[in-house]
**Q** 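Below is one structure. I have some questions about it.
Below, each value reflects all heavy atoms present in this structure, side chains not excepted, and no hydrogens, waters or symmetry copies. Because the structure is predicted, anything quoted here is derived from the model rather than measured. Each residue takes its place number in the sequence, starting with 1.
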Amino acid sequence: MGCRISELVLDCADPEELARFWCAVLDFRVLDRDSDGSIEIGPEAGFGGPQPTIILSPSSEPKRGKLRLHFDVNPTDGDQAAELEQLLGLGARRVEVGQTGAESWHVLADPEGNEFCLLRARIPA
């Protein structure tokens, strides 16, 4: 028996704001909006393709501490430094989670404070 990840669900205060941010970061599209305020975003191919979709689910619960699961993103059309500037311009911010300074990645947070890492390796889109 085997499984693969088809969707990732992220609780958030403002699904619209995070949809705009993550769609810009990942070159995703809004795929669906649910009556409960949830927004599903994903690649052009949509649900069931080679990449999982992300469901941004509204929640009034505040984020508490460092996330136990986070996204790692890789530049696809530029180098890490250029991508870092683009992410900061979209509303990401640098965060400290105990890095030593010798890491090859940058720890950032999205507009709601959810940590993610920008890796150095460039992979094709």
Side-chain angles (χ1 to χ4, degrees):
M1 182 162 122
C3 293
R4 74 176 184 145
I5 296 172
S6 59
E7 302 163 314
L8 301 169
V9 179
L10 182 60
D11 289 348
C12 57
D14 188 346
E16 289 290 340
E17 178 183 22
L18 283 192
R20 279 190 296 278
F21 177 80
W22 284 109
C23 281
V25 170
L26 301 171
D27 194 26
F28 276 12
R29 312 279 182 270
V30 171
L31 301 174
D32 193 24
R33 284 181 161 75
D34 202 345
S35 61
D36 71 355
S38 295
I39 299 174
E40 183 175 16
I41 63 172
E44 188 74 37
F47 177 81
Q51 293 178 294
T53 62
I54 300 172
I55 297 176
L56 302 163
S57 180
S59 173
S60 59
E61 292 285 323
K63 178 182 173 287
R64 296 180 187 356
K66 182 179 169 229
L67 292 178
R68 294 184 73 177
L69 175 70
H70 67 269
F71 301 145
D72 284 348
V73 298
N74 287 277
T76 58
D77 59 357
D79 65 14
Q80 185 187 46
E83 190 65 24
L84 176 61
E85 291 308 311
Q86 288 182 340
L87 292 170
L88 294 172
L90 289 170
R93 60 183 168 71
R94 296 175 187 264
V95 293
E96 177 65 40
V97 295
Q99 306 94 298
T100 66
E103 292 83 6
S104 63
W105 61 87
H106 296 279
V107 182
L108 304 168
D110 70 15
E112 288 200 8
N114 300 302
E115 299 89 4
F116 68 99
C117 294
L118 172 63
L119 305 182
R120 179 176 43 205
R122 182 170 177 251
I123 59 172

**Q** Nearest 0.5 Å, please: how far is CG in Asp110 from NE2 in His70?
**A** 12.5 Å
**Q** Who pairs with Glu115 by salt bridge (charged side-chain N to carboxylate O under 4.0 Å, His left out), at least two apart in sequence or on another chain?
**A** Lys63
**Q** I need the full list of salt bridge (Lys or Arg N to Asp or Glu O under 4.0 Å) pairs touching residues 8-26, with sequence neighbours left out, sorted by first then second residue.
**A** Glu16-Arg33
**Q** Answer whether the closest heavy-atom distance between the side chains of Ile55 and Asp32 falls below 4.5 Å.
**A** no
**Q** Would you please name every residue forming a side-chain contact (heavy atoms from CB on, under 4.5 Å) with Arg64, sequence neighbours left out?
**A** Glu61, Pro62
**Q** Counting only heavy atoms from other residues, nucleotides and ligands, does the tally under 6.0 Å from CZ of Arg68 exceed 12?
**A** no
**Q** Decide whether Leu119 and Val107 are clustered together by the hydrophobic rule: side chain heavy atoms of Ile, Leu, Val, Met, Phe, Trp, Tyr closer than 4.5 Å, transitively.
**A** yes
**Q** Is any side-chain heavy atom of Leu118 closer than 4.5 Å to a side-chain heavy atom of Pro75?
**A** yes
**Q** Under the side chain to side chain donor-acceptor pair (under 3.5 Å) rule, what pairs show up with a residue in residues 79-102, not counting sequence neighbours?
**A** Thr100-Glu103
**Q** Hydrophobic clustering (ILVMFWY, side-chain heavy atoms < 4.5 Å, transitive) - are Leu90 and Val73 grouped together?
**A** yes
**Q** What heavy-atom pair brings Ser57 and Pro15 nearest, and what distance separates the two atoms?
**A** C-CG, 4.4 Å
**Q** Quick check for you: to the nearest 0.5 Å, what is the distance between Leu10 atom CG and Asn114 atom CG?
**A** 4.5 Å
**Q** Leu18, Leu26: one ILVMFWY side-chain cluster at the under-4.5 Å cut-off?
**A** yes
**Q** Can you give each donor-acceptor pair under 3.5 Å made by side-chain atoms of residues 37-54, sequence neighbours left out, with the distance rounded to 0.1 Å?
**A**
unit_1	atom_1	unit_2	atom_2	d
Ser38	OG	Asp36	OD1	2.8
Ser38	OG	Asp36	OD2	3.3
Glu40	OE2	Thr53	OG1	2.7
Glu44	OE1	Arg29	NE	3.0

**Q** Any pair with a residue in residues 4-33 that passes ring pair (Phe, Tyr, Trp, His ring centres under 6.0 Å), sequence neighbours left out, goes on the list, sorted by first then second residue, please.
**A** Trp22-Phe71, Trp22-Phe116
